[in-house]
Amino acid sequence: MKVVVLGAGVAGVAAAWSLWRDGHAVTVLERNAGVALETSYANGGQLSYSYVAPLASPSVIPKIPPWLLRRDSPLRFRPEWDPDQWRWCLAFLAACNQRQSDLTTQRLLRLAFHSRSLMRSLVAEHRIEFHYVQNGKLVVHADPASFDSACRLMDFQRSLGCEQRALSPQETIFLEPALQAMAPRIAGSIFTSSEDAGDCHEFCRELERLMAAGPEPVHWRFGADVRKLVVREGRVAAVATSAGEVAADAFVLALGTAAPELLKPLRIRVPVYPLKGYSLTVPVTHEGGAPKVSVTDFKRKVVYARLGGELRVAGMADLAGRRAELDPERVEQLVAEARAAFPLASDWKDVRPWCGLRPATPRGTPILGPTPLANLWLDVGHGALGFTLALAAGHVIADLIAGREPAVPLDGFRLGD
Ligand SMILES: Cc1cc2nc3c(=O)[nH]c(=O)nc-3n(C[C@H](O)[C@H](O)[C@H](O)COP(=O)(O)OP(=O)(O)OC[C@H]3O[C@@H](n4cnc5c(N)ncnc54)[C@H](O)[C@@H]3O)c2cc1C
């Protein structure tokens, strides 16, 4: 079958991977000059299979006033004259209840575990280099109350197959000595040994390289700006792009935050809104000062990952419009956080800042699967977990296109669920 994938972020590249492995003739359309140059470029690098609990939970409600008022809060809301933003916020608030949050966690864990097994097979089968490490993850809590609730979540997640351990402050430092500077503000931590990390951009480039082989290599059309889906008799016949029309038997839409705009003229509404985040990449100049395991500072919502000789720091979630522009004040805040946490990791002279737009849905679940158009499939809305979930999401889409039962149940992921 001829399949066109729209978008070469990690979602589109991973979907192309599963489709190519199924033997389809795959074309990927991307407006940029290469793969993963937007949100999938310099994200936090965490393959966070067991930390999938959504932002929308009852514990978030009391934190909303400080987000609105404090300029240095890790989450920031700037109201826009944009009905989509308000609709998103109302749906987010409606999802902030325990039942929905538990349900979302269960669904995301299933998808994430499937991704983990696909990632483990991929790296076992192929020599690919993207600074991948299976080094585990420490989530560090500053408040005893937050640590207690993390322990409760750990108990709940144990029943769903997660293996995690609660550590005292001393055990935390013993496991990751580079956390020494943070020691006075550690109430406890949760360690998950089965978490991985890697560079998302390099990962996409490596999959692109692998897909150049075989009897039917993937056809990459970079610089192709998708303008419109051409619909005839309830099916997509072609996509109109800046480089002409491209016809196919099936289409997979993986356009990240651009998805709603393209779908709106077809009256397909996807609740995806950009949640802007920042990252820094710094060279590690003092080996003992940089963490080896991935670390999350839960209170400040900042994550740290070792990617080869560099440290990747990521954080902030700003619901503040649709433009991926660096705000110097937010960059400074993130540098200050990272320097305070790991002062010796780097000399902090060569800091590469970046920002990207997470394609967030109010509940935190991606939208996967069929649409009212028979041959159009969605792989969007991966929010803060796109790198983690991409392989499983792409696999599920390939299952559906092949007419197989999807490897992970689609409940809660389908459009309109
Ligand atoms: C600061 C930050 C930290 C993060 N940390 C992590 C992490 O540690 N772990 C994790 O799992 N996830 C993380 N994420 C989330 C993850 O990066 C995203 O979920 C993921 O990159 C989304 O991938 P995507 O392919 O859906 O979107 P994108 O990467 O945005 O890809 C969409 C592609 O579609 C293309 N496109 C859009 N419109 C058109 C058009 N009209 N024509 C042609 N092409 C078009 C774009 O150019 C782009 O390449 C983080 C995100 C941010 C911002």
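Only this structure's heavy atoms are used, side chains among them; waters, hydrogens and symmetry mates stay out. In each ligand, atom 1 is the first atom listed, and ligand 1 is the first ligand listed.
- Between Asp417 and Arg363, no side-chain nitrogen of the basic residue sits less than 4.0 Å from a carboxylate oxygen of the acidic one, so the salt-bridge criterion is not met.
- Atoms of ligand 1 found under 4.0 Å from any heavy atom of Gly383, numbered from 1 in the order shown, are 15 (C), 16 (C), 18 (C), 19 (O).
- Between Trp17 and His126, the ring center distance clears the sub-6.0 Å criterion.
- Close N/O approach between Thr257 and ligand 1 is not found [any backbone or side-chain N/O within under 3.5 Å].
- Cation-pi geometry between Lys137 and Phe191 is not met: the NZ or CZ atom fails to fall both under 6.0 Å from the ring centre and inside 45° of the normal.
- Of the candidates Leu368, Val270, Val252, Val270 is the only one forming a side-chain contact (heavy atoms from CB on, under 4.5 Å) with Leu378.
- The aromatic rings of Phe147 and His141 are tilted relative to each other, their planes meeting at an angle between 30° and 60°.
- Taking any N or O of Glu30, backbone or side chain, at least one lies under 3.5 Å from an N or O belonging to ligand 1.
- Checking Ala259, Gly277, Ala384 against atom 1 (C) of ligand 1, the nearest heavy atom belongs to Gly277.
- Closest to atom 53 (C) of ligand 1 among all protein heavy atoms lies Gly356 O, 3.4 Å.
- In this structure, Phe130 and Phe387 have perpendicular ring planes: the angle between them is above 60°, well past the 30° mark.
- Annotation: atom 23 (O) of ligand 1 to nearest protein heavy atom, Ser40 OG, 3.3 Å.
- Closest to atom 44 (N) of ligand 1, if we only count protein heavy atoms, is Arg31 N, 3.1 Å.
- With Asp327 as reference, Arg76 is the one residue of Lys276, Arg76, Arg78 to meet the salt bridge (charged side-chain N to carboxylate O under 4.0 Å, His left out) rule.
- Set against the non-hydrogen atoms of Gln46, the atoms of ligand 1 under 4.0 Å away are 7 (C), 8 (O), 9 (N), 10 (C), 11 (O).
- Counting the atoms of ligand 1 from 1 in the order shown, those under 4.0 Å from a heavy atom of Arg358 are 1 (C), 2 (C), 51 (C), 52 (C), 53 (C).
- Between Trp88 and Tyr273, the two ring planes are tilted [angle within 30° to 60°].
- With a heavy-atom cut-off of 4.0 Å, Ala258 touches ligand 1 through its side chain alone.
- Residues satisfying the side chain to side chain contact (heavy atoms under 4.5 Å, CB included) test with Thr39, not counting sequence neighbours, are Leu357, Pro359.
- Checking only distances, Gly44 does come within under 3.5 Å of ligand 1, N or O to N or O.
- With sequence neighbours excluded, the residues forming a side chain to side chain contact (heavy atoms under 4.5 Å, CB included) with Ala290 are Val284, Arg306, Ala345, listed by chain and number.
- For Phe113 and Tyr49, the gap between ring centers reaches or exceeds 6.0 Å.
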message = Show, in sequence, the C-alpha distance, side-chain angles and deciding distance for Ser279 and Arg312, and conclude whether the side chain to side chain donor-acceptor pair (under 3.5 Å) test is met.
response = CA-CA 7 Å; Ser279 80; Arg312 175 71 52 78; 4.5 Å; no
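- Considering backbone and side-chain atoms alike, Gly386 places an N or O below 3.5 Å from some N or O of ligand 1.
- When hydrogens are left out, the protein atom nearest atom 34 (O) of ligand 1 is Gly7 CA, 3.5 Å; that is the closest non-hydrogen contact.
- Atom 30 (O) of ligand 1 has Thr39 OG1, 3.3 Å as its closest protein atom, hydrogens excluded (heavy atom only).
- For ligand 1, the polar-atom distance check finds an N/O of Ala11 within less than 3.5 Å of one of the ligand's N/O atoms.
- Contacts between Ala224 and ligand 1, counted as non-hydrogen atom pairs separated by less than 4.0 Å, involve the backbone only.
- Ligand-side atoms of ligand 1 in range of Tyr278: 1 (C), range being under 4.0 angstrom from any heavy atom.
- Between Ser279 and ligand 1, a contact under 3.5 Å exists for no N or O pair.
- Residues Leu108 and Gly364 come closest through the heavy atom pair CD1-O, 3.5 Å.
- With a heavy-atom cut-off of 4.0 Å, Asn32 touches ligand 1 through its side chain alone.
- The shortest N or O to N or O distance between Val303 and ligand 1 is not under 3.5 Å.
- Remark: the backbone N or O of Pro343 is paired with a side-chain donor or acceptor of Trp348 at under 3.5 angstrom.
- The protein heavy-atom contact nearest to atom 41 (N) of ligand 1 is Val226 O, 3.0 Å.
- The option from Leu6, Val13, Leu334, Leu255 that lies nearest to atom 32 (C) of ligand 1, judged by heavy atoms, is Leu255.
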message = I'd like to know whether Thr172 forms a side chain to side chain donor-acceptor pair (under 3.5 Å) with Ser189, so could you lay out the CA-CA distance, the side-chain angles of the two residues, the decisive distance to 0.1 Å, and finally the verdict.
response = CA-CA 6 Å; Thr172 304; Ser189 68; 2.8 Å; yes
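- Contacts between Ala36 and ligand 1, counted as non-hydrogen atom pairs separated by less than 4.0 Å, are absent for every part of the residue.
- Between Val10 and ligand 1, at least one N/O pair is under 3.5 Å apart.
- Taking each of Val35, Val5, Asp225, Asn43 in turn, the one with a heavy atom nearest to atom 40 (C) of ligand 1 proves to be Asp225.
- Nearest-residue assignment for atom 22 (C) of ligand 1 (options Gly256, Gly9, Ala390, Pro359; heavy-atom criterion): Pro359.
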